[in-house]
Number of protein chains: 2
Amino acid sequence: MVSLLFPTHAVAPSSSAVKPAQCRPGTLAGELRVALLRTARRMRMERSDDITDGQYSVLHALVTMGPLTPGALAERDHVQPPSMTRTVTTLVEAGLVSRGEHATDRRQVVVTITAAGEREVRETKRRRDAWLARRLKDLTLAERTTLAEAAEILRRIAAA
Amino acid sequence: MVSLLFPTHAVAPSSSAVKPAQCRPGTLAGELRVALLRTARRMRMERSDDITDGQYSVLHALVTMGPLTPGALAERDHVQPPSMTRTVTTLVEAGLVSRGEHATDRRQVVVTITAAGEREVRETKRRRDAWLARRLKDLTLAERTTLAEAAEILRRIAAA
DNA sequence: TATTGTTATACTCTATAACTATA
DNA sequence: TATAGTTATAGAGTATAACAATA
């Protein structure tokens, strides 16, 4: 099913630059590794300076998943519980999250993001998108189509 | 110039899944950001446990650029000179790099990677490529072609 | 006098072990 | 007795300031 708004000839030009050997899993892996790590590293730089990667990761999880316990957050980030206690304490003091009581189990704590925390996440995403969008504007439509397709494929790969 | 080994109909199928709106810089940026950061994060996990990201970065720079001074390494990684002194000392003690004298300027120090250091870098790359290649094998040829094209585009973006 | 690198010191982040409260 | 979270303490990593050696 080929969209009429997207004739195949708009895609063909960029595909012509790639040689068959570059598509072999072994060869492609090396090229893709460099490209992904380098771009991601550059993009990760586009964030607020007064928050660490670990802290941002917690805020992002809370935005995506809703309120979570410290234990769940620790497991998600492959970090030990005491480290997460510290991270959460820092975020509480910064007013970005709040601690609350669990509905049924009084041992547990529920961490909830605040309005300021949501704003922080939104702002970081906005910065990174702006950095990326600025570069995407200089590409051809065919190149952007390729990246849109690649994004879908990469999401599947990362999830596997 | 379209390669005979790569007829365009092999590429068209994957492009049909992408809608025009997804190729607008603003929209694409958001999708691409998530896909890149998620995949890169997963891939970065595939490394030796007894070396940090900062240490690996130094080894990688030395493999790519040849011997460098601590000052050059510090600037490259956006780190302060004393921090690089510490990192280099750790790597020297681990036998992965060695300190040497500068040819003409006796204030400067030249850091050179050792055979063990090169092995460490090779091993990490091998792990990451293996992880990636395993996932690439399950893709269609058209999808791998898309990723090969995307890799080229991303390298340009990261360099800009 | 300026530059390169190191040492001294402090702060942050993370980990393990021990402790408190609750189930 | 087991579990969730915290506190206590120690080990890396990085930063600023002060210092040594050389240009």
Side-chain angles (χ1 to χ4, degrees), chain A residues 41 44-45 47-62 65-113 120, chain B residues 41 44-45 47-62 65-113 117 120 124:
Chain A
R41 178 182 174 158
R44 220 177 10 250
M45 287 170 57
R47 59 162 168 82
S48 165
D49 276 344
D50 33 50
I51 210 175
T52 67
D53 280 339
Q55 288 162 10
Y56 179 77
S57 178
V58 169
L59 293 183
H60 185 265
L62 293 176
M65 310 277 291
L68 293 170
T69 65
L73 287 168
E75 190 177 13
R76 224 181 121 85
D77 284 3
H78 302 101
V79 141
Q80 293 306 307
S83 303
M84 189 50 70
T85 291
R86 195 181 173 74
T87 300
V88 168
T89 299
T90 304
L91 289 172
V92 168
E93 285 166 356
L96 301 176
V97 307
S98 66
R99 281 193 176 90
E101 292 179 2
H102 192 277
T104 60
D105 188 341
R106 289 177 54 192
R107 292 173 304 180
Q108 297 190 46
V109 169
V110 176
V111 182
T112 306
I113 195 163
E120 180 70 45
Chain B
R41 178 181 176 159
R44 208 156 358 101
M45 288 171 56
R47 60 162 169 81
S48 165
D49 275 343
D50 32 52
I51 209 174
T52 67
D53 281 339
Q55 288 163 11
Y56 178 77
S57 178
V58 169
L59 294 182
H60 185 265
L62 294 175
M65 311 277 291
L68 293 170
T69 65
L73 287 168
E75 190 176 13
R76 225 181 120 85
D77 284 3
H78 303 100
V79 143
Q80 293 306 307
S83 302
M84 189 49 72
T85 292
R86 197 180 171 76
T87 300
V88 168
T89 299
T90 303
L91 289 171
V92 167
E93 286 166 357
L96 300 176
V97 308
S98 67
R99 280 193 176 91
E101 292 178 1
H102 191 278
T104 58
D105 186 342
R106 289 177 54 194
R107 291 174 306 182
Q108 297 191 47
V109 169
V110 176
V111 182
T112 307
I113 196 164
E120 180 71 43
T124 296

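Reminder, nothing fancy here: chain letters follow the sequence lines and each chain counts from 1.
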Partner of B:Gln55 under side chain to side chain contact (heavy atoms under 4.5 Å, CB included), chosen from B:Val97, B:Thr90, B:Leu96: B:Thr90
Value rounded to 0.5 Å, distance of CD1 in B:Ile113 from CG in B:Leu59: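 Taking CD1 in B:Ile113 and CG in B:Leu59, the distance rounds to 4.5 Å.
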Which whole-number value in Å describes the distance from [X] [atom1] to [N] [atom2]?
{"X": "A:Glu93", "N": "C:dC11", "atom1": "CD", "atom2": "P", "result": "15 Å"}
{"X": "B:Asp50", "N": "D:dA12", "atom1": "CG", "atom2": "C1'", "result": "14 Å"}
{"X": "B:Arg99", "N": "C:dT4", "atom1": "CZ", "atom2": "P", "result": "17 Å"}
{"X": "A:Asp53", "N": "D:dT14", "atom1": "CG", "atom2": "C1'", "result": "14 Å"}
{"X": "A:His102", "N": "D:dT6", "atom1": "NE2", "atom2": "P", "result": "14 Å"}
{"X": "B:Glu75", "N": "D:dA15", "atom1": "CD", "atom2": "C1'", "result": "17 Å"}

Validation row: B:Thr87, B:Thr52 side chains within 4.5 angstrom (heavy atoms): no
Side-chain touch B:Val58/B:Met84, heavy atoms, less than 4.5 angstrom: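 They are in side-chain contact.
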All pairs passing salt bridge (Lys or Arg N to Asp or Glu O under 4.0 Å) where residues 89-103 of chain B contributes a residue, at least two apart: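 Non-adjacent pairs meeting salt bridge (Lys or Arg N to Asp or Glu O under 4.0 Å): zero.
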Listed once per pair and sorted, the salt bridge (Lys or Arg N to Asp or Glu O under 4.0 Å) pairs that draw on residues 75-89 of chain B, sequence neighbours left out: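 Listed by first then second residue: nothing to list.
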Distance below 4.0 Å between A:Thr85 side-chain N/O and D:dT7 OP1 or OP2: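 A:Thr85 to D:dT7 OP1/OP2: no side-chain N or O under 4.0 Å.
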End-to-end axis angle, where each axis spans five pairs of the helix from C:dT1-D:dA23 to C:dA23-D:dT1, to 10°: 10°
Sugar-phosphate only, base, or nothing, as touched by B:Thr69 at under 4.0 Å among non-hydrogen atoms: sugar-phosphate
A:Val92 to A:Ser98 - nearest heavy-atom pair and separation: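 Smallest interatomic distance, heavy atoms only, reads CG2-CA, 4.4 Å.
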Residues that A:Pro67 engages under side-chain contact (heavy atoms from CB on, under 4.5 Å), provided they are two or more places apart: A:Val110, A:Thr112
Partners meeting salt bridge (Lys or Arg N to Asp or Glu O under 4.0 Å) with A:Asp53 (sequence neighbours left out):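 Expected list: A:Arg47.
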Base versus backbone protein contacts along nucleotides 13-23 of chain C [heavy-atom cut-off under 4.0 Å; B, S, -]: BBBBB----BS
